[in-house]
Protein chains: 2
Amino acid sequence: MGFPETFKALSDPVRREILVMLKRGKMPAGEIGQHFDMTGATISYHLSQLKKAGLIFETKYKNYVYYEINVSVFEEIMLWFSQFNGGKQDGEKE
Amino acid sequence: MGFPETFKALSDPVRREILVMLKRGKMPAGEIGQHFDMTGATISYHLSQLKKAGLIFETKYKNYVYYEINVSVFEEIMLWFSQFNGGKQDGEKE
DNA sequence: TTTCTATTTAGAATTTCATCTAAATACATT
DNA sequence: AATGTATTTAGATGAAATTCTAAATAGAAA
């Protein structure tokens, strides 16, 4: 965990797309992989990067591994960004 | 511009530190470089990445190139992140 | 227990990135 | 015009990241 891994993890378009997919709820690795034209091994690599960054976590059921978004880390990142717009929040008036 | 370049630019610790430095106001390339143990050429490379991402912009005066934060791009990024915490803003109650 | 399905790990190939040195450009000053 | 200072560009190099194939692991189902 820590900002370096987090920002590194977010720098890849495939990983950002995975995060967007997971907004709707938890999903097993195989189903995530079906949305991409890559091998399961590559998807597994991306999932491990997201996990290492604390952006997602996994739970196991039967022979599936489900992945899920870790909301609290997104809150930390938002906080980092807010230093640049004067603490002003989305939708707030000037 | 576009998210891919923006997130890529943010993935490097040196570039994030440059952004933090620029919070206080515009600064010439040379002065930015003094804070790092790297050649001016490398700093110039990082500045070009940040500029390409739209995170900073430059203005020239005499033989100096001043760099400055582009706040509006940060607002776009915040908006992207807000999709993950249910649109809830920093400091907002549950 | 054997076989099947889901996922990860290991190792290799390729690409991209960060950094340096040296040279080029741009403008200022003398 | 000549020299000096600030910055960028070009090209090279080593390190890191992404991807694949093949093999390994884990658990389910037969």
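Computed from heavy atoms alone, side chains included, the values below leave out hydrogens, waters and symmetry copies. Throughout, protein chains are lettered first and strands after them, A, B, ... in sequence-line order, and every chain is numbered starting at 1.
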Point to revise | Spacing between B/Lys8 atom NZ and C/dA18 atom C1', to the nearest angstrom | key: 12 Å

**Study point:** Side chain of A/Tyr45 - closest among D/dA28, C/dC17, D/dA17
**Key:** D/dA17

Check your understanding: To the side chain of A/Ser44, which of C/dT9, D/dA6, C/dT5 is closest?
Key -> C/dT9

Check your understanding: Of all the nucleotides listed (C/dA18, C/dA6, C/dT8), which has the minimum atom distance to the side chain of A/Val65?
Key -> C/dT8

Check your understanding: Under 3.5 Å, side chain of B/Asn70 to main-chain N/O of B/Gly54, donor-acceptor pair present?
Key -> yes

Practice item. Would you kindly give the CE-to-P distance between A/Met27 and C/dA6, to the nearest whole Å? Key: 15 Å

Check your understanding: Does A/His46 put a side-chain nitrogen or oxygen below 4.0 Å from OP1 or OP2 of D/dT19?
Key -> yes

Check your understanding: Is A/Trp80 linked to B/Phe84 within one hydrophobic cluster, defined over Ile, Leu, Val, Met, Phe, Trp and Tyr using a side-chain heavy-atom separation of less than 4.5 Å?
Key -> yes

Exercise for review: Could you work out which one of C/dT7, C/dT9, D/dT18 sits closest to the side chain of A/Asp12?
Suggested key: D/dT18

Practice item. Decide whether B/Lys23 and A/Gln83 meet the rule of one side-chain donor and one side-chain acceptor closer than 3.5 Å. Key: yes

Exercise for review: Name the closest nucleotide to the B/Glu58 side chain, picking from C/dA6, D/dA6, D/dT8.
Suggested key: D/dT8

Point to revise | DNA chain D-proximal residues of residues 17-26 of chain B, any heavy atom under 4.0 Å | key: none

Review point. In whole Å, what is the span from the CD atom of B/Gln49 to the P atom of C/dT19?
Key: 11 Å

Review point. With hydrophobic residues grouped by side-chain heavy-atom distances under 4.5 Å, do B/Ile56 and B/Phe36 end up in a single group?
Key: yes

Practice item. Give one of base, sugar-phosphate or nothing for B/Lys60, where a contact means two heavy atoms less than 4.0 Å apart. Key: nothing

Review point. What pairs of residues pass the side chain to side chain donor-acceptor pair (under 3.5 Å) test when at least one of them lies in residues 11-22 of chain B, not counting sequence neighbours?
Key: B/Arg15-B/His46

Point to revise | Spacing of A/Arg16 atom CZ relative to D/dT18 atom P, expressed in whole Å | key: 11 Å

Review point. When the distance from OH of A/Tyr61 to C1' of C/dT7 is rounded to whole Å, what number comes out?
Key: 18 Å

Practice item. Taking only the side-chain heavy atoms of B/Asn63 (C-beta and beyond), determine which of C/dC27, D/dT18, D/dT7 contains the nearest atom. Key: C/dC27

Practice item. When you get a sec, tell me which of C/dT7, D/dT8, C/dA10 is the closest nucleotide to the side chain of A/Ala29? Key: C/dT7

**Study point:** Rounded interatomic separation in angstrom, taking OH from B/Tyr64 and P from D/dT8
**Key:** 14 Å

Practice item. To the nearest Å, give me how far apart CG (A/Leu10) and P (D/dT18) are. Key: 12 Å

Review point. Choosing from C/dC20, C/dA6, C/dT8, which nucleotide comes nearest the side chain of B/Thr42?
Key: C/dC20

**Study point:** A/Met38, nearest nucleotide to its side chain (from C/dT9, D/dC20, C/dA6)
**Key:** D/dC20

Exercise for review: Flag the pair A/Phe81 / B/Phe81 as yes when their ring centroid distance falls below 6.0 Å, and as no otherwise.
Suggested key: yes

**Study point:** Along DNA chain D (nearest heavy atom to each residue), the more 5'-positioned of B/Tyr67 and A/Lys62
**Key:** B/Tyr67

Practice item. Can you tell me the distance, in whole Å, between the CD1 atom of B/Ile43 and the P atom of D/dT8? Key: 11 Å

Check your understanding: NA contact type, A/Gly30, heavy-atom cut-off 4.0 Å: base, sugar-phosphate, or nothing?
Key -> sugar-phosphate

Review point. Do A/Tyr64 and A/Met27 belong together in a cluster built from hydrophobic side chains that touch within less than 4.5 Å?
Key: no

Check your understanding: Between A/Ile32 and A/Tyr66, is there a shared hydrophobic cluster once you connect ILVMFWY residues whose side-chain heavy atoms come closer than 4.5 Å?
Key -> no

